[in-house]
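Worksheet: one structure, shown below.
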Amino acid sequence: MAARKRTLLKVIILGDSGVGKTSLMNQYVNKKFSSQYKATIGADFLTKEVQVEDRSVTMQIWDTAGQERFQSLGVAFYRGADCCVLVYDVNAQKTFENLETWRDEFLIQANPNDPDNFPFVVLGNKVDFEGGKNRQVVEKRAKQWCAQKGGIPYFETSAKEDINVDAAFQCIAKNALKNETEEEMYIPDTVDMNAQSAPKRRTGCC
Amino acid sequence: MSEGTQPARPADELELDTRTDSDADFASPRSFLTLDKSGGASERTVGGAASPSSSGLGSGYRSGEDSLPDAQPGSAHSLESNRQPTGDADAASRGQTEMLRRALSNAEASSSPRSEDGRDPSSRSWRAQPKHVFILSSAGKPIFTRHGDENALAGLMAVAQALVSFLKDRGDQLISARAGKHQLVVLERGPLLLVAASMLGEPIQVLSLHLELLHGQIVSILTRAFERRFQRDPGFDARTLLGGTSSVLKALLHTCETDPSSLMQAFAALPLPAAIRHAALVPLHAAVKAAGAVFGVLLAGNLVVALAQSRANPLHPLDLLLLTNFVTANGSFRQSESFSPVCLPRFNSSGFLHAYINYIHEDADLCMVLLAAQPDAFFRLSEAGQQLTAELQAAGAIQAVCEAAAGQEGGGRLRLQSVPASAGGGEFGQASLLHFVYKYPSRSQFVSPAFHAPLDNPSDQQSIMQAYSHAQAILFRHAEDGPQLGLPPHRTCFERGSKCCLLAYVGAEYEIYAAFHCLMDKAAAARTCHRLCVWLKSRQNDLFAAI
Ligand SMILES: Nc1nc2c(ncn2[C@@H]2O[C@H](COP(=O)(O)OP(=O)(O)O)[C@@H](O)[C@H]2O)c(=O)[nH]1
Ligand SMILES: [Mg+2]
């Protein structure tokens, strides 16, 4: 077999506005956290090279906006994704309930070949917030939902305190790699000269 | 700019197009989009929703001021507008526009992997490259970059994808845009997006022809069957199929810039005494016939010694260009006789032909390429090839090609020294011509001398090529909509540039593009050019291959 190709993974981050999607991405890629809130408008892109087992992988992370009015980013954004990260805020019940919608939205738009086995990862973020005093979603509840959906890996994270961020993204990379389709043989046709000689046969492309 | 840290960028780079003095370099991915600031004027879009307000990305927020609320030091310049969306109907569209601006600012920060090996897209050397070419999939995954490492440019590629899909959603198709010194051209072909960003000054048509050819080269390697893979799996990584062929694509781009064949859509023959060429063509034809091949070509480097084709299936010059590049850019074909599938996109883009490739003489780069439609044709072709080699040897053709090509400056191309002084030739310092291209359309060929002093470096050669392409664009401006019937309305064009002055003329039988020293006057150029054409015509049989 040819030398192992260098893999690029397209990872999409979805979730309600304000749950910390951009912060998680920034913490992971840039090791930075800003407490200043600034809505992502549309989408951001960051890339990071990671090592998964013995493979070097580039993650191309597509961070999307949660705002209703910008929701329809179009199929193009979801097209060809290798993994979808669903984020909610453990201190906001509603953001957890919306995971279902985000998951559906993704499956509809991306239309993956095998929706049941498409790799998702769920992150419950802001576990640091007020020492967990105002927590509205307990870990058990979240894990239950993940189990129902076919065993989605679940992480409790804090972008602020850098808790579990690396571990979560490592898992994201690993699961995205699983999504890789097996390499099939590539055997295009040979020109059929009998058909070719017919005068009107012209399939030129450029 | 130091590696490893995010460099602080001078503030004046923030507004690229709005200031004439700023060095707008698109290589800062943000300025990929800054092109929109210039609005409709320098941006051309085609397609449905071409109302003035949607003619480009720019109109939506041209008046929006850039604010930098959370710009990290020197990296992600936010380009978010201060204006708040006013109405829902507007909001989605503005949101997308904003998204793109924002995305660009972030891609700039993100696409640099902070590596030390020159792959960093923010590195000065990467930015200084006069021409960038990228290929990405419609999922935004990188496939190829001419400079640097395509993985390191994943952020930039995502932005390009976002840009194109954004415009598509609006019924526009981005064709070209201006970003400071850069001309940007995007070509969408099936699941591939091809992007060129050039500071070389080529006309837009020339850049899109280069992208077309690049796409054609990919098709030559894969046929268009790879598109089915993308239909099944849009996230498919095309590099798994293209593995190791980026040198072929890079070589093609180099050829496009320094060789007139793409611009002229014609090929160049090795100058040879007509009798010798005939002596090579006869056994070549015989070999093609004996082996049941479709085409046969003898190459000396990238010059054609002889070409055997059938009347029913003439080889398109651009197919020949792609085939020649495919053969010459693959070092492994020199090692031993080879058999490789190759697709000729103009001939048939959906299927492979099978090429028998054998170097007959190393020093002269003399190589035979026989193309058959049967995957099991190797032994037949090999046998015919051996016979061909023997007959070429016996006829003295190999010897003659070696004399013409081996060790010769320009690989055997015509030399200005051998052009009479009255026709603009002569030794360096005496010749009034710097270079020329003489095209003979009825044979799909051109003749052009080797570049030599004072055109020693690639950038001077590129300037001459630019001068040709501009002259051609002027002469054939009206031919854009379809094939030219008859002669263009303007048959002559004289342009005085800083590097040369150029006289171009379209005659009934030929086209001539002649580059003279800067101070040449027009009348003298015309007289010299006329004598040059007369001289070339007198040598026509040696300079052009029979087809
Ligand atoms: N305490 C705490 N605040 C966070 C955390 N992650 C994000 N935030 C804050 O939550 C707000 C929204 O974060 P942002 O990343 O913009 O959310 P997004 O809309 O999902 O991208 C910002 O003010 C962040 O500073 C976290 O883990 N802990
Ligand atoms: Mg955000």
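For clarity, every value in this text was computed on a predicted model and none was experimentally measured. Letters A, B, ... are given to chains in the order of the sequence lines, protein chains preceding strands, and every chain is numbered from 1.
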Which region of R228(B), side chain (C-beta onward) or backbone (N, CA, C, O), has a non-hydrogen atom less than 4.5 Å from a non-hydrogen atom of chain A, or is it both or neither? neither
Counting only heavy atoms closer than 4.5 Å, note whether F230(B) contacts chain A via side chain, backbone, both or neither. neither
Which residues pass the salt bridge (charged side-chain N to carboxylate O under 4.0 Å, His left out) test with D162(A), sequence neighbours left out? K31(A)
Which heavy atom of Y186(A) sits nearest a heavy atom of F226(B), and at what distance? OH-N, 2.9 Å
In terms of heavy-atom contacts, A154(B) and Q60(A) come closest through O-NE2, 2.9 Å
Could you give the distance from CG (D149(B)) to OG1 (T58(A)), rounded to the nearest 0.5 Å? 7.0 Å
For the CE atom of M193(A) and the CG atom of N348(B), what is their distance to the nearest 0.5 Å? 9.0 Å
For residues W62(A) and A139(B), report the shortest heavy-atom separation together with the two atoms involved. CZ2-O, 3.5 Å
If we define contacts as heavy-atom pairs under 4.5 Å, which of D82(A), T190(A), L9(A), D189(A) has the most with chain B? T190(A)
Gap separating the CG atom of N313(B) from the CD atom of Q196(A), nearest 0.5 angstrom: 5.5 Å
Top residue by heavy-atom pair count (under 4.5 Å) with chain A, among L209(B), L241(B), L222(B)? L222(B)
Output every pair passing ring pair (Phe, Tyr, Trp, His ring centres under 6.0 Å) with a member in residues 147-180 of chain A, not counting sequence neighbours, ordered by first then second residue. Y28(A)-F169(A)
